[in-house]
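What follows is a set of notes on a single structure, which appears directly below.
All values reported here derive from a predicted model rather than from experimental measurement. Lettering of chains follows the sequences in order, A, B, ..., and the numbering in each one begins at 1.
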Amino acid sequence: MTYTSSLLRLLDERGYLHQLTDAEGLDALAAKQVVPGYIGFDATAPSLHVGSLVQIMLLRRLQQTGHKPVVVMGGGTTRIGDPTGRDESRKMLSDEAIEANIASIRTIFERFLTFGDGPTDAVMVNNHDWLGKLGYIELLQQVGTHFTINRMLSFDSVKLRLEREQPMTFLEFNYMILQGYDFRHLARAMGVRLQMGGSDQWGNIVNGIELTRRMDGQEVYGVTTPLLTTADGAKMGKTAAGAVWLNDDALPAYDFWQYWRNADDRDVGKFLRLFTDLPLDEIARLEALQGSEINAAKIVLANEVTRLCRGDEAARAAEATASATFAGGGVGQDLPEFDLPAEGIGLVEALVGIGFAASRGEAKRLIAGGGARIDGEGIADEGFHIPGGTEVRISAGKKKHGVLRPVSAG
RNA sequence: GGACAGGUGGCCGAGUGGUUAAAGGCAGCAGACUGUAAAUCUGCCCGCGCAAGCGUACGCUAGUUCGAAUCUAGCCCUGUCCA
C-alpha cells in the first residue's frame, strides 16, 4: 500500500517493514502528530552488536521523520531473561553489572539519536524503574487477569522450548507479561503509541497492544522488521572472531569496517538502505555495479556505517588502513600490533601473540596449511624465526594482517 | 514421591567393554580459483611436543576390569506420564 506519513513511507522504501498491527491506523496517526515510539533492548552485555543495528536505525528513522524515539533498556526484564529463540535459560546478572551495561550501551545510542527534552528528542528509560516497583499480587490482579495460560502456551517462544524438551522456568514464562506491561506503562506515562522490534518480538508486541487496550482502552501500534540474515543464511553480526560489537572498546574500528567491507555482494543494496542515510537513488546506482566494481559500493557501505557508529575519524582511518594493507601491500595505522623483540621471535609465537591463532597447535596448522605470511611471503616452515630490528607485516590468511613492531631500545 | 526415557566435542548427532581423541553433518580456519564477494574443490579443526609420545575429554563421584563414553552403585540435572 502507499503511505501518507513520511515515517511509514521511509520505512517501507528502505526495507524495514515486516508486519504492522494496523497499517492504516498508524499511518494516519503518524501523518498528523508526533508519535513517540519505543524499542526494547537487552542489558545482558556492555555493548550491542550488529544484530541490534536495524532496531537502532529504526529509532533513528523515527526521529528523522519527526517523531520521538524512546529507548527502553531492559534493566528489569534482563533480570528475567527473554526465552525467545533460546533453548537455555539465561544467566542471571547482578544489578551492578546491568547498570554498567546500560551506561555503556547508552554511548552507542548517543551516536545515532539526538537526546534531550524537546518534543522529538530521544529519551532512554529503564524498565526496572517501573517493573521493580510492581508488587506480585498487584501484578497478578491487574495484569495477570488479561493473560490466559492457553494463549501463553501457544506462543512460539514457549512452544518451541516445550517441543525441544528444553526446560522453561516459571520466571521466564512471565517474561511476556512484563514485556507487555512495559508498553502499557509507557503508553500511560509517556504517551508512547508505537512499539517496534524484530520479527521475533511480534508476539510480545501484540501482547502489549492488547494489554494496553484492555487496561486503558488506548489504541497503540506495533511494527516489526524482517529477520535479517546475510545472503548465505547466517545471522547478522557473527563472525569467526565473535560478535560484531558496536562499542569502540568491544571491537576495534578497523575490524568493524572490515565486517562491512566483506559483505556478500547480494547484501550490499539491502545494507545500504538499512544502515546508511545515503539517498535511495545513490544506493540504486551503487547496487547496480557489476563484477568487481561492487567493491566500490562495499567501501562506501563500510565507510558510511563506520562513520555513523564510530565517527568520521574512525571511518577514515579504517579505510586508509585497509587501502594501504590490501592495495599497497603495506601497513596501516589501525592494524593489530605485537612487540618484536630485538632478538626476533618465532613465527608460531608471533601468530599466537598477535591473536591470529588461539594456540600453538593452531598456529602450526595455519603454517602447515600455507596460511602464514611474513611481509606477504608465504612461510611453510613452522620453526621459522622472525629476525628482530625491523618492522614486519605478519598475515594469517588473506584478510588478517598485523604488524610486528620492534620494541624501542631501553 | 513413583514409573519410564535421557545427559557425548561450538551446535546437531553416531557410538553399548579394547582397533575411539570418539563416525557423520553443520558452523569455523587455511589453500586453490577470484574481486578482501559467492559457488566449487582440497586440507585442517582438544592442549603440549620437532617427533615418538604425554596430558585432558563423553553430567558428577566411587567402583568392576589388564582395559570403560560404553558395565555397576550413589548423586546431580532434564523430559514424559502418574501421584
Side-chain angles (χ1 to χ4, degrees), chain A residues 83 85-89 91 158-170 172 229-244 254-272 286-303 306 318-332 334-336 346-349 351-352 354-374 376-385 393-402:
Chain A
R86 283 167 200 278
D87 278 351
E88 282 177 32
S89 302
K91 299 166 222 62
V158 177
K159 218 165 53 182
L160 289 175
R161 198 72 88 74
L162 295 177
E163 272 167 14
R164 303 202 55 172
E165 303 192 347
Q166 295 295 328
M168 167 173 267
T169 63
F170 185 63
E172 294 169 278
T229 54
T230 57
D232 44 15
K235 269 194 188 159
M236 284 284 307
K238 286 208 280 188
T239 67
V244 181
Y254 174 71
D255 293 329
F256 185 81
W257 193 91
Q258 282 293 330
Y259 175 77
W260 298 102
R261 173 62 184 83
N262 284 316
D264 192 297
D265 285 7
R266 294 165 289 178
D267 288 327
V268 171
K270 179 167 81 176
F271 287 178
L272 283 168
L286 289 168
E287 190 178 20
L289 292 172
Q290 290 302 308
S292 63
E293 301 209 321
I294 192 99
N295 283 327
K298 292 184 189 181
I299 290 169
V300 173
L301 172 68
N303 282 341
T306 307
E319 188 193 3
T321 293
S323 109
T325 306
F326 287 95
V331 293
D334 272 11
L335 293 181
L347 179 55
V348 171
E349 284 71 27
L351 285 167
V352 174
I354 203 164
F356 289 168
S359 66
R360 295 174 55 79
E362 194 179 309
K364 285 175 195 170
R365 271 179 244 124
L366 179 72
I367 296 165
R373 292 188 179 79
I374 292 294
E377 202 75 26
I379 307 285
D381 171 18
E382 62 182 52
F384 186 80
H385 187 83
R393 168 175 136 128
I394 184 168
S395 313
K398 278 175 294 197
K399 292 186 205 164
K400 276 181 282 184
H401 303 285

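- Looking at heavy-atom distances under 4.0 Å, Gly383(A) makes no contact with the nucleic acid at all.
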List the steps and the verdict of side chain to side chain donor-acceptor pair (under 3.5 Å) for Asn303(A) and Trp260(A). CA-CA 9 Å; Asn303(A) 282 341; Trp260(A) 298 102; over 6 Å; no

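- At a threshold of 4.0 angstrom between heavy atoms, the contacts of Arg365(A) are confined to the sugar-phosphate backbone, with no base atom among them.
- Relative to the side chain of Arg373(A), the nucleotides rG31(B), rU36(B), rA37(B) differ in distance, and rG31(B) lies closest.
- You'll find that the side chain of Lys398(A) is closest to rA32(B), out of rA32(B), rC29(B), rG35(B).
- Residue Lys400(A) places none of its side-chain N or O atoms closer than 4.0 Å to OP1 or OP2 of rU36(B).
- Residue Glu382(A) places its side chain closer to rC50(B) than to any other of rC50(B), rU36(B), rG35(B).
- Considering only the side chain of Lys298(A), rG35(B) comes nearest among rG35(B), rC29(B), rC50(B).
- rG49(B) is unpaired under the Watson-Crick or G-U wobble criterion, no partner having all donor-acceptor distances under 3.5 Å.
- Checked against rU36(B), rA38(B), rC48(B), the side chain of Arg360(A) finds its nearest nucleotide in rC48(B).
- Both Lys399(A) and Ser359(A) sit near RNA chain B, but only Lys399(A) has its closest nucleotide nearer the 5' end.
- As the counterpart of rA62(B), rU72(B) is assigned, both hydrogen-bonding distances of the Watson-Crick or G-U wobble pattern falling under 3.5 Å.
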